Amino acid sequence: MEIPKIQWYPGHIAKAEKKLTEVINRVDLVIEVRDARIPLSTGHPHLNQWIRNKKHILVINRADMITTETITNWNKWFKKDNIYPLWCDAKNGKGIKEICKSAKESRLSIDNRRLSRGMKVRPIRALTLGFPNVGKSALINRIAKKKVVESARKAGVTRNLRWIRLDSGIDLLDAPGVIPPNLENQKSALNLALCDDIGEAAYEIESVAIEFIKIIFKLKEDKNANISLSKISDRYGVDILKNFDSPHEWIDLVALKHTSGDKRRMAHKLLEDYRNQMLGKIALEVPI
């Protein structure tokens, strides 16, 4: 059974993206935020055309949700394209100093370029850009050292563009998560659903849970994915290895054991357990 097509493009995102394209030419620096569990799927396909001739900082949030070894191997992978991401856990403040340092260095570079052209120095304009629920608002609050925007672990909290003046000579534009209007890459769309980076209304949760089990078995031998089948089996009291040929059967068995046979509730529990690291630090995308 194929997973039903995942599609999520709320009206406020369409409206915000239109406004974003209008203001992006006035921006000096783009701080792109991605999700460490799926750093490729959370890269926006239009980003390169948006950031032409602008300073760009790639921030990969939720670094606490994958292993340090996987981060090291991702760094080697990105380095081949001369990309040097900054990893952080915005929720707990880890890695924020390095991001602030990079932003200040970008500001000095922009200031020097303006002075060399006989232009006055002004606060630089920075834009935080990324998919919904990758942690942009939490990152902004950490950089600002106070709560200046609403932050929650769900997609669609930020709905309007808003400028925030920081003490470091940077005006920061907080924008809603932007997502392609057509999620043509359904593998990426599935990853977004699994990581709760798009709203639950966009997908059928039982089908997504089944696909999660399939991904687990596909990645189980890759050390970067950090998958422990025994940990999953122990958590639910049903040996997943014995049922790997039929993820439907495994879901049925754990549903009988934990949710009185309610497969939808069990699917939701499985995905929440993954998102809350109850199954370990699992990366759904690994360096190729």
Side-chain angles (χ1 to χ4, degrees), residues 20 24 27-44 47-48 50-51 53-68 70-79 81-113 122-153 157-158 161-178 195 197 281 283 285:
L20 194 61
I24 204 161
V27 170
D28 307 297
L29 168 67
V30 173
I31 302 173
E32 180 194 3
V33 188
R34 300 191 193 180
D35 187 321
R37 297 164 294 176
I38 49 170
L40 302 182
S41 291
T42 45
H44 200 290
L47 181 75
N48 287 337
W50 284 343
I51 64 170
N53 305 317
K54 300 182 191 303
K55 292 284 184 180
H56 174 227
I57 299 173
L58 173 57
V59 173
I60 305 185
N61 189 32
R62 302 206 173 99
D64 58 306
M65 301 188 82
I66 63 174
T67 66
T68 53
T70 304
I71 290 173
T72 298
N73 289 325
W74 269 122
N75 281 334
K76 291 175 184 175
W77 186 88
F78 278 112
K79 189 178 179 181
D81 290 323
N82 290 315
I83 298 170
Y84 301 91
L86 300 176
W87 299 79
C88 78
D89 170 11
K91 185 179 177 182
N92 294 308
K94 192 173 181 181
I96 300 300
K97 284 183 181 178
E98 290 77 9
I99 295 166
C100 290
K101 181 182 176 186
S102 182
K104 286 175 183 176
E105 288 171 355
S106 295
R107 190 202 75 202
L108 288 172
S109 174
I110 293 164
D111 286 349
N112 290 334
R113 188 172 64 188
R122 57 158 172 77
I124 71 164
R125 302 181 185 110
L127 164 69
T128 49
L129 186 69
F131 277 57
N133 201 33
V134 294
K136 297 183 300 300
S137 296
L139 177 66
I140 289 170
N141 288 337
R142 284 290 178 181
I143 293 172
K145 297 180 183 176
K146 59 183 177 180
K147 186 174 181 179
V148 290
V149 292
E150 287 298 316
S151 172
R153 206 208 77 175
V157 172
T158 304
L161 276 72
R162 178 187 168 193
W163 287 101
I164 299 147
R165 175 149 289 185
L166 304 179
D167 295 336
S168 52
I170 297 175
D171 286 345
L172 196 60
L173 179 59
D174 179 29
V178 289
C195 293
D197 290 341
K281 294 176 180 284
E285 286 181 336

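All figures in this text were calculated on a predicted structure; none of them were measured in a lab.
- The shortest distance between side-chain heavy atoms of Lys55 and Ile110 falls below 4.5 Å.
- The distance from the NZ atom of Lys97 to the SG atom of Cys88 is 14.5 Å, given to the nearest 0.5 Å.
- Residue Asp171 forms a salt bridge (charged side-chain N to carboxylate O under 4.0 Å, His left out) with just one option from Arg165, Arg162, Arg122, and that option is Arg165.
- The salt bridge (Lys or Arg N to Asp or Glu O under 4.0 Å) analysis of residues 99-112, with sequence neighbours excluded, yields the pairs Arg107-Asp111.
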After noting the C-alpha distance and the side-chain angles of Leu129 and His44, does the key distance pass the side chain to side chain contact (heavy atoms under 4.5 Å, CB included) rule? CA-CA 9 Å; Leu129 186 69; His44 200 290; 5.6 Å; no
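- Sorted by first and then second residue, the side-chain hydrogen bond (donor to acceptor under 3.5 Å, both in side chains) pairs with a member in residues 86-95 read Asn75-Trp87, Asp89-Asn92; sequence neighbours excluded.
- Here the side chain of Lys54 pairs a donor or acceptor atom with the backbone of Ile24 at under 3.5 angstrom.
- Here the side chain of Lys136 pairs a donor or acceptor atom with the backbone of Phe131 at under 3.5 angstrom.
- Taken from CD1 in Ile170 to CD1 in Ile143, the straight-line distance is 8.0 Å, to the nearest 0.5 Å.
- Every residue was checked against the ring pair (Phe, Tyr, Trp, His ring centres under 6.0 Å) condition with Trp163, not counting sequence neighbours, and none meets it.
- We find the CD-CD1 distance between Glu98 and Ile57 to be 12.0 Å, quoted to the nearest 0.5 Å.
- A salt bridge is defined here as a Lys NZ or Arg NE, NH1 or NH2 lying under 4.0 Å from an Asp or Glu carboxylate O, and Arg62 with Asp35 meets this definition.
- Put simply, the side chain of Leu172 reaches to within 4.5 Å of the side chain of Ile31, judged on heavy atoms.
- Of the possible donor and acceptor atoms, one in the side chain of Asn61 sits under 3.5 Å from a partner among the backbone N and O of Ala90.
- Between the Thr128 side chain and the Leu173 main chain, a donor and an acceptor come within less than 3.5 Å of each other.
- Atom NE2 in His56 sits 8.0 Å away from atom CG in Asn48 (nearest 0.5 Å).
- In this structure the side chain of Ile60 reaches within 4.5 angstrom of the side chain of Leu58, judged on heavy atoms.
- At least one side-chain heavy atom of Pro39 sits under 4.5 Å from a side-chain heavy atom of Trp74.
- Considering all non-hydrogen atoms of both residues, Glu32 and Thr42 come closest at OE2-O, 4.4 Å.
- You'll find the side chain of Leu139 reaches within 4.5 Å of the side chain of Ile99, heavy atoms only.
- Here the straight-line distance linking atom OG1 of Thr70 with atom CD of Glu285 works out to 12.5 Å at 0.5 Å rounding.
- When atom types are taken as modelled, the side chain of Asn141 and the backbone of Val148 share a donor-acceptor pair closer than 3.5 angstrom.
- Within the 4.5 Å cutoff, no side-chain heavy atoms of Val134 are placed close to those of Arg34.
- We find that Arg113 and Asp28 are not joined by a salt bridge, their nearest charged nitrogen and carboxylate oxygen being 4.0 Å or further apart.
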